Amino acid sequence: MRYITLATAGHVDHGKTSLIKALTSIDTDRLPEEKERGMSIDIGFAFLDFDGLRVEIIDIPGHERFIRNAIAGLSSVQGVLLVIDASEGPMPQTEEHIKLMKSFGIDHCLAVLTKIDKCEDLLVEIVREDTERLLSKEGIKCFGFYPVSSVQKSGLEELKEGIHSYVRNIKEPDCHAFFRMNIDSAFHVKGYGTVLRGSCVAGTVREGDTLCLEPVGLLGRVRKIQNHGRFVKEGRAGERLALNIPEMDAELVERGFWLVKKDELGKTNVVLVSAEGLKPGKEYIFFFGMRGVLGLLRHVQEDVYLVRLSQKVVCVRGDKGPVLDTSGRHAGSFTVLDPIPKRISKSFIRNHINLLRDDLISYQMLEAGIKGLKIKDISASLGRAVNPQHIAGVRINDRIYSQGILKEVQEKLTEFLEKQGGMVKLAQLKSKLRLEEDVLSYLLKERKDLKIVEDYLLSEKKSKVEELESFKRLMETVKSQIKEERELVDFKDLLPIAIKKGYIHSLGEFLYIGDTLFKELVEKLRQIGETFSVQQAKERLGLTRKYLIPLLEYMDRKGLTVREGNVRRFIR
């Protein structure tokens, strides 16, 4: 089944609650004071079922004093039924509700002209034209005008068909995103414990899931799930849900708190946003879902602002919301660009502002620098699981690094090593370049000219290996004998450097000889004469054929001798 949530918006006394009751037989005014005053004060809930589709309906209050409750209702919906009294036309709260729905990114609606039993057809048509102009001015696409009378029950079937058609044009909320449920109430039920009620705006939840109540961080397991009084095994985006989580104290739950899955989403008190209608340096109330939090605005560039919030919030890239001034009047709107910025330097943000707008992951990799960006933090920022293979960066364990950053660090490593004479202590190198072990290992994979020996990083060409104790031990080991590779296993990192620098010769066949010994043996062979045979060399050097033949063949390769039949002749 598909789920779409709509809100009824419009001026006070324009018939929103009566319309919902006429459509669904559900009275959304549940508070005694609402019954007494005949006016909605808080949000109410109903639903309308079609074949394979449930339309959740949130009734929002129209009085200007209850703007926060109106925001609460609009924060979780995908579409709007804009309700207008046909005898009055659009009124101040009609316009305010349009601005609020736009703040949440809703740029479409269905217009319902109510109380047509109280006015002439001509007036209904005039109100329709006025409403069309208003919606056009505000950039709202209208999917139809429906004149109805909740009292006479006229026009309701046509409206239901219109609603059915409207919701088919609305994009479903993302069930594959991380779970987020916007809480509007919590209470204790005897025999069950705490029940939290709200709107699921993304993802899915199942019985047995462990959830976290943010921003307070309380954990609890879902025992039961209800949708409009019906027990279900799973809840999903677009549904009104009641979750039984006994471990959570209902007294600690506030409207606007979020239920999320453990370790999926983060919380922050600093966000980067694009905003309209706001003035830098002022405090405003920013709404993240139902919850309004006081925030101080700092202008960065163009429409980009840094907001320091008085309390932590949960948000993801692309979240939208309205902004009220401190007196409670609607002041503007915002869109989250970076939910958890790691660098708040204005110059950094300005220098990369286009990347911030267009490619958050690349921007965050630059923010993270050589520390790298945790894959789970990327997913948390976007509100969904991210496949690391699709990210244009370098993955090292559980982090992603900017290719450009790693290239810069590689260049700094080379420069620093050269300044240190080709040899530097690893601890000093890591401290200087702020490198973690795994990043250094990655960088060195691409550098065949560098080796780690003892606690040093060495350049094969430029390092002063002679100063190392291990080098001195190696030279002592090969001082008087040809050695097999297995005998030099303790020097495996140092051996290639010693060979490249000419201190040791590789004879092939996994045999190695020190340069001093090599020269001594060559000199002994010269003492035989200009030419010599294998047997003469064997007798002169006292070597078995296992060592002698590789030595003689190496002398040939070096251009010291040339083989002529059964003898060798020195050519230099």
Side-chain angles (χ1 to χ4, degrees), residues 369-371 396 401 405-526 541 543 547 550-551 553-555 557-560 572:
I370 197 56
K371 292 182 178 179
I396 303 175
Y401 297 79
I405 293 288
L406 291 179
K407 183 179 178 182
E408 288 177 11
V409 175
Q410 187 76 271
E411 291 170 355
K412 289 179 180 178
L413 186 152
T414 301
E415 181 183 344
F416 184 59
L417 194 56
E418 287 180 354
K419 287 181 179 179
Q420 299 296 316
M423 185 169 72
V424 62
K425 275 190 170 290
L426 284 175
Q428 184 183 3
L429 177 70
K430 291 177 185 177
S431 175
K432 177 71 175 177
L433 300 182
R434 294 179 297 163
L435 291 176
E436 296 294 333
E437 186 70 39
D438 53 357
V439 178
L440 179 60
S441 298
Y442 171 83
L443 294 174
L444 295 183
K445 281 181 183 177
E446 308 298 317
R447 299 292 300 272
K448 304 302 181 185
D449 60 322
L450 303 181
K451 298 290 181 183
I452 294 177
V453 180
E454 295 179 5
D455 295 324
Y456 289 86
L457 178 66
L458 306 177
S459 167
E460 291 184 353
K461 294 181 179 179
K462 300 181 180 181
S463 61
K464 298 176 181 176
V465 292
E466 300 85 353
E467 298 176 5
L468 295 176
E469 288 300 320
S470 56
F471 176 79
K472 295 173 183 177
R473 292 198 307 272
L474 172 60
M475 296 313 297
E476 187 65 28
T477 303
V478 297
K479 180 178 178 180
S480 57
Q481 287 183 313
I482 296 174
K483 293 292 184 179
E484 296 182 40
E485 187 175 69
R486 60 184 176 83
E487 297 176 280
L488 302 176
V489 67
D490 291 340
F491 308 101
K492 62 180 180 179
D493 294 320
L494 191 55
L495 190 59
I497 301 176
I499 293 171
K500 192 158 285 188
K501 285 180 170 286
Y503 290 108
I504 295 178
H505 300 272
S506 173
L507 303 181
E509 304 296 329
F510 306 105
L511 297 175
Y512 299 90
I513 185 172
D515 184 59
T516 301
L517 178 60
F518 175 70
K519 288 175 180 176
E520 288 177 4
L521 297 181
V522 171
E523 185 58 32
K524 286 182 179 180
L525 291 175
R526 287 187 189 277
L541 301 181
L543 296 175
Y547 298 117
L551 173 65
E553 290 177 347
Y554 178 72
M555 289 173 62
R557 293 196 299 273
K558 288 278 287 183
L560 293 174
R572 67 179 179 89

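Please read these numbers as outputs of a predicted model, since none were measured by experiment. Residue numbers run from 1 in the order of the sequence given.
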Practice item. Taking the six-membered ring for Trp and the full ring for Phe, Tyr or His, determine whether the centres of Tyr442 and Tyr401 are under 6.0 Å apart. Key: no
To the nearest 0.5 Å, what is the distance between [atom1] ([X]) and [atom2] ([Y])?
X      : Y      : atom1 : atom2 : value
Leu551 : Ile513 : CG    : CD1   : 5.5 Å
Leu450 : Thr414 : CG    : OG1   : 7.0 Å
Leu495 : Ile499 : CG    : CD1   : 4.0 Å
Glu520 : Leu541 : CD    : CG    : 11.0 Å
Glu467 : Tyr456 : CD    : OH    : 8.0 Å
Lys558 : Leu507 : NZ    : CG    : 10.5 Å

**Study point:** Main-chain N/O of Ser459 paired to Arg447 side chain as donor or acceptor, under 3.5 Å
**Key:** no
Smallest separation among heavy atoms of [X] and [Y], with atom names:
X      : Y      : result
Arg572 : Gly559 : NE-O, 3.2 Å
Ser470 : Phe491 : O-CE2, 3.4 Å
Val409 : Leu433 : O-CD1, 4.4 Å
Leu511 : Pro550 : CD1-CG, 3.8 Å
Ile396 : Val439 : CD1-CA, 4.2 Å

Point to revise | Lys419 vs Glu415, salt bridge (Lys or Arg N to Asp or Glu O under 4.0 Å): CA-CA, chis, key distance, verdict | key: CA-CA 6 Å; Lys419 287 181 179 179; Glu415 181 183 344; 3.5 Å; yes
Can you find a pair of side-chain heavy atoms, one from [X] and one from [Y], that are under 4.5 Å apart?
X      : Y      : answer
Leu440 : Leu426 : yes
Leu468 : Met423 : yes
Glu466 : Met475 : no
Glu437 : Ser441 : yes
Glu487 : Thr477 : no
Leu406 : Ile370 : yes

**Study point:** Step-by-step side-chain contact (heavy atoms from CB on, under 4.5 Å) determination, Leu517 to Val478
**Key:** CA-CA 8 Å; Leu517 178 60; Val478 297; over 6 Å; no
Would you say [atom1] of [X] has more than 12 non-hydrogen atoms from neighbouring residues, nucleotides or ligands within 6.0 angstrom?
X      : atom1 : value
Lys371 : NZ    : no
Asp438 : CG    : yes
Arg434 : CZ    : no

Study note, to complete from the structure: The single option from Glu484, Lys483, Glu509 that satisfies side chain to side chain contact (heavy atoms under 4.5 Å, CB included) with Tyr547 is Glu484
Review point. For Glu469 and Lys472, what are the C-alpha separation, side-chain angles and deciding distance, and is it a salt bridge (Lys or Arg N to Asp or Glu O under 4.0 Å)?
Key: CA-CA 5 Å; Glu469 288 300 320; Lys472 295 173 183 177; 3.6 Å; yes
Check your understanding: Between Leu525 and Leu560, is a side-chain contact (heavy atoms from CB on, under 4.5 Å) present by the stated rule, with each step listed?
Key -> CA-CA 11 Å; Leu525 291 175; Leu560 293 174; over 6 Å; no
Check your understanding: Partners of Phe518 by ring pair (Phe, Tyr, Trp, His ring centres under 6.0 Å), sequence neighbours excluded?
Key -> His505, Tyr554
Revision key, fill the gap. Sorted by chain and residue number, the side chain to side chain donor-acceptor pair (under 3.5 Å) partners of Lys519 (sequence neighbours excluded) come out as Asp515
Review point. What residue pairs, at least two apart or across chains, pass ring pair (Phe, Tyr, Trp, His ring centres under 6.0 Å) with a residue in residues 413-432?
Key: none
